[in-house]
Amino acid sequence: MPISTVFNEDRMKFLARFPDGFFDLVIDDPPYGIGADKPSLKPNKVKQRNGAVLSVKQSRYDNAGWDNEPPPPEYFRELKRVSKAQIIWGVNYFDVPLTGGRIVWDKLNGMSDQFDCEIAYCSLNNRTDRFYYMWRGMIQGRYCGKDLKQALIQKGNKKQNETRIHPCQKPVLLYNYLLNTYAKPGFKLCDPHMGSQSSRIAAYVGGFDYWGCEADTSFFDAGCARFRRECMGEIETKEGIIKEQMLF
């Protein structure tokens, strides 16, 4: 089984653990400094294709101040020190020189008020690559990639949707796509802002060795429980941890 090691600590302390060039690829989703951690209310109804209207339980997140500002320049220097290549989401928000390619994730948000796209820096090339994955609240796609026709098909059964435990959560299918497209077998991966641990789940399923970090203890604990549930088939109960059929 692949290595999957995670730390609940400050990102700079985490990165200082590793020698120069230890990781083959960092896929990072740091704070953008746009106040995304502030509580917000989203529509609590969703209309399905058959016309049925479902009530949606809204997640509530405390305003912990972790998205007050983007990382400082020394963080990006340290990130490049420990890795041979980087994919860094939110490049359009950072006042640091990140020269190289770009990756554009089109969320297919249509007429919603959610952000249409997210942009990542990619050190592996000088292209601008674009792919599609539908991701807006309860409306989630069943495909991630360059085929728009497939990407426009949403999951019909909302019970199959990915459960959100973080306000800025990125889907596992997105990380699956990134690893299939940009990583090579045997790569050692890193995520210093792993949040919901979608990147960790994708790395484990893909057979990649992985090291991750999350400073917020509540997100760290929730993410670890999610990883154990989705990759180990473990569920935490009042009586302890029980096993169920693995989801992957």
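Note that the numbering runs from 1 along the sequence shown for the chain.
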A.B. asks: Can you name the closest pair of heavy atoms from L173 and G141 and give their distance?
C.D. replies: CD1-O, 4.2 Å
A.B. asks: What distance separates I3 CD1 from L189 CG, expressed to the nearest 0.5 Å?
C.D. replies: 11.0 Å
A.B. asks: Looking only at heavy atoms, what is the nearest atom pair of P31 and P71, with distance?
C.D. replies: O-CD, 3.3 Å
A.B. asks: Does the side chain of F14 come within less than 4.5 Å of W211's, by heavy atoms?
C.D. replies: yes
A.B. asks: Who passes salt bridge (Lys or Arg N to Asp or Glu O under 4.0 Å) against D147, sequence neighbours left out?
C.D. replies: none
A.B. asks: According to ring pair (Phe, Tyr, Trp, His ring centres under 6.0 Å), who are the partners of F220, at least two apart in sequence or on a separate chain?
C.D. replies: none
A.B. asks: Please name the pair of heavy atoms, one in R200 and one in C224, separated by the smallest distance, quoted to 0.1 Å.
C.D. replies: NH1-SG, 4.0 Å
A.B. asks: Do Q154 and Q140 have side-chain heavy atoms sitting under 4.5 Å apart?
C.D. replies: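 The answer is no, as the side chains (C-beta and beyond) never meet within the 4.5 Å cut-off.
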A.B. asks: Considering residues at least two apart in sequence or located in another chain, which fulfil the ring pair (Phe, Tyr, Trp, His ring centres under 6.0 Å) criterion with Y177?
C.D. replies: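 For Y177 the ring pair (Phe, Tyr, Trp, His ring centres under 6.0 Å) partners, ignoring immediate neighbours, are F131.
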A.B. asks: Which pairs pass salt bridge (Lys or Arg N to Asp or Glu O under 4.0 Å) with one or both residues in residues 19-29, sequence neighbours excluded?
C.D. replies: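 Only D20-R81, D24-K84, D29-K170 qualify under salt bridge (Lys or Arg N to Asp or Glu O under 4.0 Å).
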A.B. asks: Please list, chain by chain and in numerical order, all residues satisfying side chain to side chain donor-acceptor pair (under 3.5 Å) with R17, sequence neighbours excluded.
C.D. replies: E9
A.B. asks: Identify every side-chain donor-acceptor pair in residues 86-100 under 3.5 Å, counting partners at least two apart or on other chains, and give the distances.
C.D. replies:
| residue | atom | partner | partner atom | Å |
| --- | --- | --- | --- | --- |
| Q86 | NE2 | S83 | O | 3.4 |
| Q86 | NE2 | S83 | OG | 3.0 |

A.B. asks: Measure the CG-CG distance between L148 and D106 for me, rounded to the nearest 0.5 Å.
C.D. replies: 8.0 Å
A.B. asks: Is E118 salt-bridged to K107, going by a charged N under 4.0 Å from an acidic O?
C.D. replies: yes
A.B. asks: Please report the shortest heavy-atom distance between A202 and N176, naming the atom on each side.
C.D. replies: CB-OD1, 3.2 Å
A.B. asks: How would you list, by chain and number, every residue that makes a ring pair (Phe, Tyr, Trp, His ring centres under 6.0 Å) with Y75, sequence neighbours excluded?
C.D. replies: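 With sequence neighbours excluded, Y75 shows a ring pair (Phe, Tyr, Trp, His ring centres under 6.0 Å) to H193, given in chain and number order.
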A.B. asks: Which heavy-atom pair separates L15 from C190 by the least distance, and what is that distance?
C.D. replies: CD2-SG, 4.5 Å
A.B. asks: Is NZ or CZ of R142 both nearer than 6.0 Å to the six-membered ring centre of W135 and within 45° of the ring axis?
C.D. replies: no
A.B. asks: Excluding sequence neighbours, so at least two apart, what forms side chain to side chain contact (heavy atoms under 4.5 Å, CB included) with S199?
C.D. replies: Y175, D191, M194, Y210
A.B. asks: Taking side chain to side chain contact (heavy atoms under 4.5 Å, CB included) as the definition, give me every residue that meets it alongside A85, ordered by chain and number, with sequence neighbours left out.
C.D. replies: L25, S123, L124
A.B. asks: So that I know where these two stand, are F208 and Y204 an aromatic pair - ring centroids less than 6.0 Å apart?
C.D. replies: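 So the answer is no for these two rings.
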A.B. asks: Looking at OG1 of T217 and CG of N8, how far apart are the two atoms once the value is rounded to the nearest 0.5 Å?
C.D. replies: 4.0 Å
A.B. asks: Just jot down the side chain to side chain donor-acceptor pair (under 3.5 Å) partners of T163, sequence neighbours excluded, or say none.
C.D. replies: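 With neighbours one apart ignored, the set is empty.
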A.B. asks: T128: what forms a side chain to side chain contact (heavy atoms under 4.5 Å, CB included) with it, not counting sequence neighbours?
C.D. replies: R102, V104
A.B. asks: Does the ring of F22 carry K188 above it, NZ/CZ under 6.0 angstrom from centre and within 45° of its axis?
C.D. replies: yes
A.B. asks: Is the backbone N or O of V172 less than 3.5 Å from a side-chain atom of E162, with the two atoms forming a donor-acceptor pair by type?
C.D. replies: yes
A.B. asks: Are the side chain of E230 and the backbone N or O of R226 linked by a donor-acceptor pair below 3.5 Å?
C.D. replies: no
A.B. asks: Who passes side chain to side chain donor-acceptor pair (under 3.5 Å) against D129, sequence neighbours left out?
C.D. replies: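 If we apply the side chain to side chain donor-acceptor pair (under 3.5 Å) test to D129, skipping adjacent residues, the hits are R127, Y182.
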A.B. asks: Is there a donor-acceptor pair under 3.5 Å between the side chain of R130 and the backbone N or O of W105?
C.D. replies: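 A pair under 3.5 Å: no.
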A.B. asks: Taking atom CZ of F7 and atom OG1 of T5, what is their separation to the nearest 0.5 Å?
C.D. replies: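 With rounding to 0.5 Å, CZ (F7) is 6.0 Å from OG1 (T5).
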